[in-house]
Number of protein chains: 2
Amino acid sequence: MARPGTEELRRRNRAALLEQLHRHGPQTRAELTEALGLNRSTIATIAADLAESGHIQETTGRSTGSAGRPSTLVACVPKAESVAAVEIRADRVRFALYGLGGEVLERAETPLLTGVEASAAAAAAAALVEGAGAEAVAAVPGLVDAGEVAHSTELGWAGSDVAADLADATGREWLVVDTATAAAVGEWTRGDAFEATKLLYLHGGRGVTAGLVVEGRSQRGGSIQLGHIVVEPNGQECACGLRGCLEAEMEAFGYAEDIERATMAAGMGDASAKDGLRRSGQDLGRALGAVVTATGPDEILFGGWLRELYLSAAAPVRSALAETTLPHLRSRLRLRTPVLGQEGPLIGAAETGFAALFDRMR
Amino acid sequence: MARPGTEELRRRNRAALLEQLHRHGPQTRAELTEALGLNRSTIATIAADLAESGHIQETTGRSTGSAGRPSTLVACVPKAESVAAVEIRADRVRFALYGLGGEVLERAETPLLTGVEASAAAAAAAALVEGAGAEAVAAVPGLVDAGEVAHSTELGWAGSDVAADLADATGREWLVVDTATAAAVGEWTRGDAFEATKLLYLHGGRGVTAGLVVEGRSQRGGSIQLGHIVVEPNGQECACGLRGCLEAEMEAFGYAEDIERATMAAGMGDASAKDGLRRSGQDLGRALGAVVTATGPDEILFGGWLRELYLSAAAPVRSALAETTLPHLRSRLRLRTPVLGQEGPLIGAAETGFAALFDRMR
DNA sequence: AGTATTTGTTGTTGACTGCAACATATGACG
DNA sequence: CGTCATATGTTGCAGTCAACAACAAATACT
């Protein structure tokens, strides 16, 4: 009875096969053999195992055009495992249940009164989730550290133990990640940023945060308060108590979530709007410069309203960045906008949950 | 013949046992059983295996004072595996050969002419190493990325492929890490910073760099050019082409490696020296603020001449840090000085090599 | 001196993966 | 349309591994 020994191998291989299908879609057994580096017979054993437990479904292979016996196609069953993802925002809580392979099984949302406490948001999330999914993950905009939200400009929270609140409200464990990091994971796994080894996602909501993801995986401390990088020593007073934070300096220009109006005004030739955008872009570039020097990403995505800011003020962002980062760090840097839009944080939260699920299976 | 399958288990367990001995010193088989979570009999098998290959030595157990048969003591054999560590500095190349368990087997150094090219430094390193050790690791002060030194203020290099130069000169593979990261690894593994989950080591040489280590392991992009964080927009011109870099601003105060003179002068009441230290500390604190916000460490070590700066200007460093980081990030932060001194980078480089060696054994 | 306790040793067992031989299903070719 | 080449699934077997249990050994305690 060698359980923790040899059976660990089986568990690892099971998890690897399922993860492969989850991430890269239906594949033939031959492709799986290649991808996992295992023997044909081993794949057969594991596939039979997973088929019996209902995780995968095999369909008799169709001809591929080339010679040889066609390989059987293997696909994961969406409902076999699912992850409940929740995004907590200032105005509402969004929920989606993702099945294996990334399919959306359910979707819902609840409006939230502004200025809501963490426990109330947790209650709203609990009502939406109702025990669905093997893992539950919440994305919260702010500085997240070990389940706690240390600071959130958007929600006005500080030191809220959201993981505990959610656990109390639902009677289960929760993972908590920050929205920017979640979105980064989403763009890497389901967007087109999978080539980036170090991906920095900027999230512009009521606050400005950033998330760093290395090879697609979030990591402890990847939650970055970009909005509280000091860009102007002795600058504007910020709600956080510091002076000259990026958020405070930007707020002085009078917009934030109201970026559309500003870009429109600038487009119509409004000089003060133009100048505001330019200076915002410059401040953002400076803050980014420090973060880039400190973390060395190779791709930066501008999400939320920063997307609009970047699209209409790319030049000042780039030039401020150029003035504050070494050539080498700059040269390998790609600046882009995300492709998943609103869904990014939810998808990324779900993928974080799936990663945990696969890890737990091993 | 199930090689890549079940034999992988054996390899993993062998490596785990050896790593345990390397990191925590001689232990009894009973302790190893506890630490690795394996069965007594399994430990016995693996120990016999490693004893035959000469990696460990078992000595009959002595009484521990408590009841029961005394457990046999197991120790790793230093010469069984070794790592060659080299530190390249502006004035010399230092070399030490470390055996399993961290023992120093050899030590040597070669003076270097100032303004030396990367290839010449590589040749000097090659002569010192001469095929010794299973792994060879070089610590270089600067921005290291995938074996290349993108920027080094101290050495005056930019875009030097040191890994390739070393490989050419020695006919073997080299790992290249930056000096600050190496020192961080050293302080974590052999110093007293093992409690830190995110350790930031500041290295003051001719340039100012930093290294980030998460749970004792260096990571891609952990090499931080702290000296090129811009602390003064439109400030002093820096050799790197930017303006207002920390290095350039500090250099304006006239010291760098000559910190002893400055602290002494300040101690004697020299007002301008005092002011220089204060302003240097302030600039350092500001740059640190950005790095802390971006990376969220829980411990910072001031190494090289920054040690002296910190010891004599802790107040301005702390207050500037307080003005540029959120309370939560600051509250869990411990500021300290390293304990390994000059040996830190070499020890850390060696430990990086041992980590690679153990990974390769698996 | 005898008992309790802890640990090393040995033979056995259940499990896993890889291999090789065979069976099966397709395309290519005459 | 039949044969051959090719690629893949299937099956029985072999080699390896870690856990377990029973036994032996070595110590402390009474």
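Below, read A as the first sequence line, B as the second, and so on, with proteins coming before strands; counting in each chain starts at 1.
Note: CG (L9(B)) to P (dT17(C)) measures 10 Å, nearest angstrom. Summarising the geometry, the separation between CZ on R11(A) and C1' on dT17(C) is reported as 16 Å, rounded to the nearest angstrom. The distance between atom CZ of R14(B) and atom P of dC17(D), rounded to the nearest whole Å, is 10 Å. At whole-Å resolution of the value, CD1 in I43(B) and P in dT6(C) are 19 Å apart. Protein atom CZ of R12(B) is 11 Å distant from nucleotide atom P of dA18(D), rounded to whole Å. For the pair E8(B) CD and dT17(C) C1', the computed distance is 11 Å after rounding to whole Å. Distance CD (E7(B)) to C1' (dG15(D)): 9 Å, rounded to an integer number of Å. Taking atom CG of residue L73(B) and atom P of nucleotide dT6(C), one finds them 19 Å apart after rounding to whole Å.
When heavy atoms are screened at a 4.0 angstrom cut-off, T33(A) is found touching no nucleic acid atom at all. Note on T28(B): nothing from the nucleic acid sits closer than 4.0 angstrom, heavy atoms only.
A donor-acceptor contact shorter than 3.5 Å is absent between the side chain of S82(B) and the backbone of P78(B). When atom types are taken as modelled, the side chain of W174(B) and the backbone of A164(B) share no donor-acceptor pair closer than 3.5 angstrom. Side chain of D298(A) to backbone of T197(A): a donor-acceptor contact under 3.5 angstrom is found.
Residue N13(B) has a polar side-chain atom (N or O) positioned under 4.0 Å from OP1 or OP2 of dA18(D). An OP1 or OP2 oxygen of dA18(D) is reached within less than 4.0 angstrom by no side-chain nitrogen or oxygen of T6(A). Considering only side-chain N and O atoms, N39(B) lies under 4.0 angstrom from the phosphate OP1 or OP2 of dC20(D). OP1 or OP2 of dG9(D) has at least one side-chain nitrogen or oxygen of S71(A) nearer than 4.0 Å.
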Report, one pair per line, the protein and nucleotides 27-30 of chain C atoms (nitrogen or oxygen only) whose separation is under 3.5 Å.
residue	atom	partner	partner atom	Å
dG27(C)	OP1	S63(A)	OG	2.8

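Applying the side-chain contact (heavy atoms from CB on, under 4.5 Å) test between L97(A) and each of K79(A), E103(A), E106(A) identifies E106(A) as the sole match.
Between R332(A) and E299(A) there is no salt bridge, since no side-chain N of the basic residue sits under 4.0 Å from a carboxylate O of the acidic one. A salt bridge links R190(B) with E351(B): the closest approach of a Lys/Arg side-chain nitrogen to an acidic carboxylate oxygen falls below 4.0 angstrom.
Here dT9(C) is the nucleotide among dT8(D), dA15(C), dT9(C) with the atom lying nearest to any side-chain atom of R40(B). Among dA25(D), dG15(D), dT24(C), the nucleotide with an atom closest to any side-chain atom of R69(A) is dT24(C).
Side chains of E187(B) and Y201(B) form a contact here, defined as non-hydrogen atoms less than 4.5 Å apart.
Two residues, S41(A) and P70(A), neighbour DNA chain D, and the one matched to the more 5' nucleotide by heavy-atom proximity is P70(A). Judged by closest nucleotide on DNA chain C, R29(B) is the one of R10(A) and R29(B) placed further toward the 5' end.
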Review item, side-chain donor-acceptor pairs of residues 355-362 of chain A, under 3.5 Å, at least two apart:
residue	atom	partner	partner atom	Å
D359(A)	OD2	R217(A)	NH2	3.1
R360(A)	NH1	E135(A)	OE2	2.8
R362(A)	NH2	E19(A)	OE1	2.6

